Amino acid sequence: MQDYNYSKIEKKWQDIWDEKQTFAAKNDYTLPKFYGLVEFPYPSGQGLHVGHPRSYTAIDIVSRKKRLEGYNVLYPMGWDAFGLPTENFAIKNHIHPSIVTENNIANFKRQLKALGFSFDWSREVNTTDPSYYKWTQWIFLQLYKKGLAYKSKMNVNWCTSCKCVLANEEVVNGVCERCGSEVVHKEKSQWMLKITDYAEKLLDGLDNVDFIDRVKTQQRNWIGRSYGTQVTFGTTIGDNIEIFTTRADTLFGATYMVMSPEHPLLEKWADKIGNLDEVKAYQETAAKKSDFERTELAKDKTGVKLEGVLAINPVNNTEIPIFISDYVLISYGTGAIMAVPAHDTRDWDFAKKFNLPIIEVVAGGEDVQKQAFTDCATGVLVNSDFLNGLSVEDAKVKIQEWLTEKGIGSVKTNYKLRDWVFSRQRYWGEPIPMVYCEKCGYVPLDESELPLVLPNVDSYEPTDNGESPLAKMTDWVNTTCPHCGAPAKRETDTMPQWAGSSWYFLRYCDPHNDKELASKEALEYWCPIDWYNGGMEHTTLHLLYSRFWHKFLYDIGAVTSPEPYAKRTSHGMILGENGEKMSKSRGNVVNPDEIIENYGADTMRVYEMFIGDFEKAAPWSQSSIKGSKRFLDKVWSLADTMTDEDIIRPEIEAEFHRTIKKVTEDIEGLKMNTAIAALMSLLNTISATGKITKAEYKIFITLLNPFAPHITEELWEICGFDGMLNETAWPKFDEAKCVDKNVEIVVQINGKIRARLNVPADISSADAILLAKDNDNVKNEIDGKNIIKELYVPKKLVNIVVK
RNA sequence: GCGGGUGUGGCGGAAUUGGCAGACGCACUAGCCUUAGGAGCUAGCGCUUACGCGUGCAGGUUCAAGUCCUGUCACCCGCACCA
């Protein structure tokens, strides 16, 4: 037989698949379906990273197996192509972003095709295509109509390098998640999406989906629901202050109050505050701090006491001082708290620093003068009038009833989640389809005007004054009001990159529809996505945003499933050979093109699946790839030893069935590494016999096909098997045949191995023990001792306990 | 600080969930083959000269512990003054 010429074979089959549209999903909605999805890439100038194929190969394997099992499979691919790197590259090199995008996509596509993924290329989508972003804009209009998109002047995160606002989700450790530059706060008018309205649904929906736990936990923490009480405190100057607390039971222990420096009441009270200068100075310092500084300085408490105004604790009418301090955040709760230093660590720190009284109201801990007692489970209420003697739980209920009755408190649920800042001051994004009219305010474009196409211009540099580059394009900006016809201006901010990716999986269902984002029939059939694999870094960004949009689309009847993804898994990163993250600057980047050239796509696929636990990070190893190549070489040369026998030989039948079982189950469990190990083991067993039968070879290469599709398809053809491998059926195993007739068991004396025996698999417990005791080694060990216990674990071991 | 996770040979990693620790692969060693080897084949490969000892460390439960319990250490990831 000829040599294993992977380059030639891989090209050959890729061309055949292309030509025959082998992997195009069928529009026959009566078939059982499987919708597998991986995150579509951002087509960067660097080309494909070896990390991309880890995820793509895994779901490709699942998809290929599902096809052999008879499913109508949709495994699509597309391009998340709007975004800053393209725009920056375009500016630097004076090439239009659309050309840069086109080139990058061509390169990515070539690389993906070279890896033999079974994507349905007829459904390719591109977020920068007007026929696609027409529907992104349409969704925005629907959000606007339902009051979920609004423009608001607010303090936003501003990246000093990108010259652009960022969503809270995009700020990591106080710096920009994309470029690592400092993020400062800036007052700006921005389009916002009310994701907070969906906090409850986003949380509750997690109970009904099959996401790996760390994804659920991370989303739950990010949404951050807490149940508590909102309480109204009076003041000595008439106004009331609302506070939120989860520990209403400790109300009698409130010895002061803290307001956030940004609290609106401070402005109202300007003429009543005795030390206004001091307060203003503190407000200014707080405002100047970047997010990074603010977290850095988090340990040390600072603050200013307001002179001339005191708060009144509603439970006992005690007058208590009010402070402002930046440890209270304007963005959470009501922006003001009651401080109970005896039972809250932060309040305790502050009280110590400012020498404020600490009153114990929950007994059961250490001395509250020495440290705060925060345990809710064991304490008993003291110094709290009608709450005395109650447990924390009971006291919470009682005080809530009391407050509600008096009309000064109510049960409240709070979330950490904040609304989504949706404007970006950049060129390369979807235009927001809104017009500003002096008379009518913001007016949405009529749906018939969509898509609102991005103007094609020469200059799209960001401006230093924080305005979008589109603002300079007056021809485009100046328009008429859709409502009254008067001269008006278009919104010049664009949407964030997360917009296009928040619904792309819906478009794959019906990608060429120009009447709606996808037809109901297509959505009903394909959704929800059966399996979505992607990176953990998207858990609180893309994954949360797209769930929000999907739930909204569900509520307005545009989609038919309440959740977009039935199942979510996540892959670990592929690290450089030195165990560090791959990056140009570290010089440890592996180029997939080189691997394909030197070892072939099949080897690359097998290697990436064999590299380790799919969910964990794994370092690349140039020498380990050879193992995968050797494995495929051996599979190839096995063809020479094939006999015409159409049977599985009895002596290896059990291992065969076990391997079918293992590979079948491991693919479903994403344990690709052990599936491949099982195939290697079986190959070793077969090789040792010096030949392989036709029936055995058929099964073997079918099992290997999802992992190494080109070589197996070629071998199928060379061996003259019927049709094409991708049209055959996935092998079935027989549970009864998975067990060998004879098994080796070990004999332990007091838990130590003393002998090994070959016994029939169905031997009785008594017979096994008898047989064990008949062994010479065993006889020596138990001779003259008392047998205390004898155990037989079927097919495993005999243990004899002696004294 | 809170939440999640991980510690197993020289390396990547297995272990049917309490039942032979180290599957499978890499690297390595020896031999064969070869003009040659970054090729192939065969054998070996946790530690220890041994008795034995071994899954981060210390205890415990059990006939039996990588797996369960208690304590402890280290590292990774996420959130971080969220009231």
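Everything numeric here is computed off the predicted structure, so don't read it as measured data. In what follows, chains are A, B, ... by sequence order, proteins preceding strands, each numbered from 1. Side chains included, hydrogens not; waters and symmetry mates left out as well; all remaining heavy atoms used.
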Any A:Y332 side-chain heavy atom under 4.5 Å of A:F244 side chain: yes

Watson-Crick or G-U wobble mate for B:C68, both contacts under 3.5 Å: B:G60

Spacing of A:K626 atom NZ relative to B:G40 atom C1', expressed in whole Å: 14 Å

Between B:A14 (P) and A:R658 (CZ): distance, integer Å: 20 Å

Presence of A:N799 side-chain N/O under 4.0 Å of B:C20 phosphate oxygens OP1/OP2: no

Nucleotide of B:U6, B:G25, B:C63 approaching A:V801 most closely (side-chain heavy atoms): B:C63

Sugar-phosphate, base or nothing in reach of A:L797, heavy atoms under 4.0 Å: base

A:I753 side-chain proximity, nearest of B:C20, B:A83, B:C24: B:C20

Pairwise 5' ranking along RNA chain B for A:A677 and A:R418, keeping only the more 5' one: A:A677

Atom P, compared across B:A50 and B:C45: separation rounded to whole Å: 13 Å

Neighbour count above 12 (heavy atom, 6.0 Å) for A:K671 NZ: no

Pairwise P distance for B:A21 and B:G52, with rounding to whole Å: 14 Å

Any strand: nucleotide that pairs with B:G3 via Watson-Crick or wobble, under 3.5 Å: B:C77

Nearest-Å distance for atom pair CG/P, residues A:N221 and B:G1: 17 Å

Separation of B:G40 C1' from A:K634 NZ (nearest whole Å): 10 Å

Residue-phosphate contact under 4.0 Å: A:K581 side-chain N/O, B:C76 OP1/OP2: no

N or O in side chain of A:K796 less than 4.0 angstrom from B:G19 OP1/OP2: no

A:R630 side chain near B:A27 phosphate (N/O to OP1/OP2, under 4.0 Å): yes

Step-by-step salt bridge (Lys or Arg N to Asp or Glu O under 4.0 Å) determination, A:E360 to A:K370: CA-CA 11 Å; A:E360 181 181 58; A:K370 299 220 170 75; over 6 Å; no

Sugar-phosphate, base or nothing in reach of A:A678, heavy atoms under 4.0 Å: nothing

Distance, P atom - from B:U62 to B:C26, rounded to whole angstrom: 44 Å

Value in whole Å for how far the P atom of B:A14 lies from CG of A:N673: 5 Å

Distance, C1' atom - from B:A80 to B:C68, rounded to whole angstrom: 34 Å

Assigned glycosidic conformation for B:G9 [threshold 90° from 0]: syn

Sugar-phosphate, base or nothing in reach of A:D344, heavy atoms under 4.0 Å: nothing

Donor/acceptor link under 3.5 angstrom from A:R756 side chain onto base of B:C20: yes

Interatomic distance where CE belongs to A:M536 and C1' belongs to B:G4 [whole Å]: 9 Å

Over-ring placement of A:K301 relative to A:Y327, 6.0 Å and 45° cut-offs: yes

Salt bridge (Lys or Arg N to Asp or Glu O under 4.0 Å) between A:K626 and A:D633, intermediate numbers included: CA-CA 10 Å; A:K626 285 182 215 154; A:D633 284 339; over 6 Å; no

Between B:U49 and B:C20 - C1' atom distance, rounded Å: 26 Å

Test salt bridge (Lys or Arg N to Asp or Glu O under 4.0 Å) applied to A:E735 and A:K661, step by step: CA-CA 8 Å; A:E735 193 76 53; A:K661 183 177 185 208; 3.0 Å; yes

A:E366 CD: over 12 foreign heavy atoms closer than 6.0 Å: no

Closest nucleotide among B:C20, B:C24, B:C81 to the A:Y327 side chain: B:C81

Integer angstrom distance from the P of B:G13 to that of B:C73: 26 Å

Enclosure of A:E577 CD (heavy-atom neighbours >12, cutoff 6.0 Å): yes

Sugar-phosphate, base or nothing in reach of A:S621, heavy atoms under 4.0 Å: nothing

Watson-Crick or G-U counterpart of B:G40, or none if no pair lies under 3.5 Å: B:C32

Sugar-phosphate only, base, or nothing, as touched by A:E790 at under 4.0 Å among non-hydrogen atoms: nothing

Sugar-phosphate only, base, or nothing, as touched by A:D213 at under 4.0 Å among non-hydrogen atoms: nothing

Distance-only polar pair, side chains of A:T232 and A:N240, donor-acceptor under 3.5 Å: no

Donor-acceptor pair under 3.5 Å, A:K661 side chain vs B:U16 base: no

Touch class at under 4.0 angstrom, heavy-atom based, for A:S226 against every strand present: sugar-phosphate

Distance between P atoms of B:U61 and B:A43 (Å, rounded): 46 Å

A:S624 side-chain proximity, nearest of B:A83, B:A21, B:C26: B:C26

Sugar-phosphate, base or nothing in reach of A:K412, heavy atoms under 4.0 Å: nothing

d(OH, A:Y599; C1', B:C26) in whole Å: 12 Å

A:T217 or A:K416, whichever maps to the more 5' nucleotide of RNA chain B: A:T217

Assigned glycosidic conformation for B:U61 [threshold 90° from 0]: anti

Rounded P spacing from B:A58 to B:U8 in Å: 16 Å

Touch class at under 4.0 angstrom, heavy-atom based, for A:N684 against every strand present: sugar-phosphate

Who pairs with B:A15 - Watson-Crick or G-U, where each distance is under 3.5 Å: none

Length of the CG-P vector between A:N750 and B:A65, whole Å: 12 Å

Sugar-phosphate only, base, or nothing, as touched by A:I611 at under 4.0 Å among non-hydrogen atoms: sugar-phosphate

Check: B:C81 base within 3.5 Å donor-acceptor of A:K301 side chain: yes

